[in-house]
Structure formats: structure tokens, C-alpha cells
Q: 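Here it is, the structure in full.
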Amino acid sequence: MIFAGRFAGKVMVVTGAAQGIGAGIAMRAAAEGASLVLVDRADFVTEVEQAIVAAGGPNNPGRAVSVCCDLETYEGASQAMAAALEAFGRIDILVNNVGGAIRMRPYGEFEPAQIDAEIRRSLMPTLYCCHAVLPAMLAQGRGTIVNLSSNATRGIRRVPYSAAKGGINGLTQSLAMEYAEAGIRVVATAPGGTEAPARRVPRNAAGDNAQEQAWMAEAVEQVTSSAFMKRYGTLEEQIAPILFLASDEAGYVTGSILPVAGGDLG
Ligand SMILES: NC(=O)c1ccc[n+]([C@@H]2O[C@H](COP(=O)([O-])OP(=O)(O)OC[C@H]3O[C@@H](n4cnc5c(N)ncnc54)[C@H](O)[C@@H]3O)[C@@H](O)[C@H]2O)c1
């Protein structure tokens, strides 16, 4: 479903926009009138930019730029916000979508460096981007930040990722409290397991061996059985609540973390 013009005149930055939930958010927001800044470290993020521009029409400005950078560094977050301001002069909405469990295994099986890698992937890009976007939103006197948490804040086989997403919940609530009077809303959704096409960039570049696939299957079973609906969600079922929270329709919602997990509260 498309709400024509819902984001007319708005500039939206989406991180992790090359594939999956991030690409879907960007495509639908563009169809609803937003100008998009697509941030990813995968260079094929330019294909999403091209698709948005090609889809331009009466209600869709077909305006997008892409930025290829690593958001696990503060420099990457700064570069992304600077590119957004250079292209469109303002940032109305920031969707912090980069994240995802790299490995699934019992906590005792994680190597120390692997624990660090999960925090770098699923907490630091959001922490950095929220900081880097503040000057622009404060100068505008308004802005909206939507963070991607997870129902995995309570789940098995990915304790470091759970901790990172618990961190997302904490920063969402505290940032919302600190900047509400400056006109900045900060919200999050907590998706459950989501069906998506095969990933062009895998979560774990090293691949998963048979044991790791077995541990992942245990996590999938736990997630599915914890959901009242006993199924995964669709990409569209994740994108719709994210865009509702990003829109002015959610103008009195801040500091909230909305579970979108078929009844699993995480
Ligand atoms: N898919 C699910 O089942 C699910 C469930 C719960 C929560 N989530 C959350 O939703 C979000 C999106 O999930 P997804 O499955 O669509 O992700 P994905 O792994 O399919 O895509 C992530 C994107 O982020 C990019 N990226 C990763 N690290 C980056 C970095 N350091 N700098 C710049 N770009 C980087 C990747 O290149 C990729 O395009 C994540 O935060 C994830 O934790 C997903």
C-alpha cells in the first residue's frame, strides 16, 4: 500500500539501504514523496538510487543520492550526514537500519573478537549516526529518528547481538527524553524474524558451517515458537510500521519501541 504524498518535501536518510528492510523502506518512502539519502558500505546501493530515480512520476519526486561508507566508524556517519546536507540542505528523518546478527551460537562459543564485532555492527552505527545528525536537526528545530531494534533482546544463540539491540532500546528512550523539547522524536521498532530474499551481502562474510547452521536453526525455532502467530513476518509488515513512526502521523509518539514480531515482545 502507498500513501501518496505522505513524505512530500521530506528528506530521509536510510542506513543499510542496499538490500533487505533498508532498501524496502527507501523505495516505499520515495514512492510516498521523500527525497532519499541511501547509505551503505555495499557499492550496489547505487542500484537502489537508480531504481528510485527511474520510478519518478507525479507523486514521486524520484530524488535519491547514495553514499558508500562504513558506519562502524564515526567518520562514516559524519560523511553520510554531510552528503545528505550537501544534496538536499536538510535531514527530516533518519532511519538507522544497519545491523543484524553476524553469528549465532551459544554465548560460551563466541570468541572475544566476535563479541566485539556484533556490538560494532548492531550498536555503533546507530549511536554514531544519532550523534552525527543532531546538529542538523537542532538547527532545523525538528527531526525524527527511527531505530531498528529486534525481538532478539530476549532470545537464544546471539547474546552479543541481544546486548547491542538492548543498547538500541536504551539510547532510543534516553535520546528521546533528552531532545523532545528540541523538537526531535526518537522511536524504534523491534522486528521479529523476517522473510527476505537471499542476501547479496551475507551477515557473516566467512559463511556458516554445519554446526553454525544448526545453532541458527535453534534460534529460528525459538523465534517462531515465541511469536503468537507462529510465523515469520514479511518485509512489508516491517516496513509499514517503520514508516508510520517516521511520519507526522506519529507526531505524539517518542521514546517508544514498537514490537513487530507477531506477538513476541522480545
Ligand atoms: N531480517 C530480520 O529477520 C530482522 C529481525 C530483527 C531485526 N532486524 C534488524 O533490521 C535491520 C535490517 O535487517 P536486514 O535483515 O534487512 O539486514 P541485512 O543484513 O539484509 O542488510 C544490512 C545492510 O546494511 C549494510 N551494512 C552492514 N554493515 C554496514 C556498515 N558498517 N556500514 C554501512 N552499511 C552497512 C549491508 O551492506 C546491508 O546492505 C537490522 O538492524 C537488523 O538487526 C532484522
Side-chain angles (χ1 to χ4, degrees), residues 13-30 36-52 64 66-72 76 80 95-105 110 114 116-126 129 146-152 155-158 160-162 164-165 168 189-224 227 231-243 260-262:
V13 177
V14 180
T15 73
Q19 66 181 15
I21 295 172
I25 293 166
M27 293 295 295
R28 182 164 164 189
L36 265 299
V37 181
L38 311 160
V39 189
D40 208 291
R41 67 179 169 192
D43 58 7
F44 59 83
V45 68
T46 52
E47 294 175 24
V48 180
E49 176 189 342
Q50 287 155 11
I52 288 173
S66 47
V67 188
C68 199
C69 61
D70 182 0
L71 294 175
E72 291 177 20
V95 181
N96 284 307
N97 169 73
V98 165
I102 303 166
R103 294 179 179 82
M104 299 208 187
R105 50 182 61 193
F110 275 87
Q114 294 170 344
D116 293 356
E118 300 287 345
I119 302 297
R120 274 201 309 276
R121 172 77 57 89
S122 289
L123 177 59
M124 299 317 291
T126 298
C129 285
V146 185
N147 295 328
L148 271 285
S149 179
S150 174
N151 68 338
I156 62 166
R157 305 289 178 258
R158 52 208 194 287
Y161 174 69
S162 306
K165 291 299 190 179
I168 297 288
T189 70
T194 303
E195 286 167 13
R199 291 188 170 92
R200 289 173 72 178
V201 180
R203 295 274 184 80
N204 178 6
D208 301 314
N209 63 30
Q211 173 61 83
E212 288 167 324
Q213 287 174 27
W215 283 326
M216 186 177 299
E218 290 169 8
V220 169
E221 164 58 24
Q222 178 262 300
V223 164
T224 311
R231 67 168 175 85
Y232 265 34
T234 65
L235 276 180
E236 290 70 24
E237 285 170 331
Q238 296 303 338
I239 293 162
I242 290 164
L243 289 182
V260 186

Q: Taking atom types as modelled and ignoring hydrogens, do the side chains of Arg105 and Gln114 form a donor-acceptor contact shorter than 3.5 angstrom?
A: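 Short answer, yes.
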
Q: Testing the basics here: between Ala117 and Ile102, what is the closest heavy-atom pair and its distance to 0.1 Å?
A: O-CD1, 3.6 Å

Q: Could you work out, with salt bridge (charged side-chain N to carboxylate O under 4.0 Å, His left out) as the rule, every residue matching Asp70, not counting sequence neighbours?
A: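 Applying salt bridge (charged side-chain N to carboxylate O under 4.0 Å, His left out) to Asp70 gives Arg41.
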
Q: By side chain to side chain contact (heavy atoms under 4.5 Å, CB included), which residues pair with Cys68, not counting sequence neighbours?
A: Asp43

Q: Can you name the nearest heavy-atom pair linking Ala152 to Ser162, along with the distance?
A: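 Between these two residues, the closest heavy atoms are O-OG, 2.6 Å.
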
Q: Do you know the tightest heavy-atom contact between Gln238 and Pro191?
A: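 Heavy atoms of Gln238 and Pro191 come nearest at OE1-CB, 3.2 Å.
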
Q: Using a 4.5 Å cut-off on heavy atoms from C-beta on, say whether the side chain of Thr189 contacts that of Leu148.
A: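 The answer is yes, as the side chains (C-beta and beyond) meet within the 4.5 Å cut-off.
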
Q: Could you pull out the closest heavy-atom pair between Cys69 and Gly76, with the gap in Å?
A: SG-O, 3.4 Å

Q: Not counting sequence neighbours, list each pair that qualifies as a salt bridge (charged side-chain N to carboxylate O under 4.0 Å, His left out) and has a residue in residues 196-210.
A: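 Those involving residues 196-210 are Glu47-Arg200.
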
Q: Between Val48 and Ser66, is any pair of side-chain heavy atoms under 4.5 Å apart?
A: no

Q: Charged N to carboxylate O below 4.0 Å: is that the case for Glu237 and Arg231?
A: yes

Q: Using every non-hydrogen atom in the two residues, find where Pro160 and Ile119 come nearest and quote the distance to one decimal.
A: O-CD1, 3.6 Å

Q: Between Lys165 and Ser150, which heavy-atom pair has the shortest distance, and what is it?
A: CG-CB, 3.7 Å

Q: Would you indicate whether the side-chain heavy atoms of Arg121 and Tyr161 approach each other to under 4.5 Å?
A: no

Q: With a 4.5 Å limit on heavy-atom distance, are the side chains of Val67 and Val37 in contact?
A: yes

Q: Are Phe44 and Gln19 side-chain neighbours, meaning at least one heavy-atom pair lies under 4.5 Å?
A: yes

Q: Checking Val223 now: which residues fulfil side chain to side chain contact (heavy atoms under 4.5 Å, CB included) with it, not counting sequence neighbours?
A: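 Testing Val223 for side chain to side chain contact (heavy atoms under 4.5 Å, CB included), a comparison that skips the adjacent residues, returns Asn151, Arg158, Tyr232.
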
Q: Tell me, do Val45 and Val39 make a side-chain contact under 4.5 Å, heavy atoms counted?
A: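 No; the side chains remain at least 4.5 Å from each other.
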
Q: Just to verify, what does Leu235 make a side chain to side chain contact (heavy atoms under 4.5 Å, CB included) with, not counting sequence neighbours?
A: Ile21, Thr194, Ala196, Pro197, Ile239

Q: Using a 3.5 Å distance criterion without hydrogens, assess whether the side chain of Gln222 forms a donor-acceptor pair with backbone atoms of Ile156.
A: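 Checked: pair present.
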
Q: Can you list everything that forms a salt bridge (charged side-chain N to carboxylate O under 4.0 Å, His left out) with Glu236? Sequence neighbours excluded, please.
A: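 Testing Glu236 for salt bridge (charged side-chain N to carboxylate O under 4.0 Å, His left out), a comparison that skips the adjacent residues, returns none.
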
Q: Counting C-beta onward and ignoring hydrogens, is there a side-chain heavy-atom pair between Cys129 and Leu71 closer than 4.5 Å?
A: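 Yes, at least one pair of side-chain atoms sits under 4.5 Å.
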
Q: Between Leu123 and Ile168, is there a side-chain heavy-atom distance shorter than 4.5 Å?
A: yes

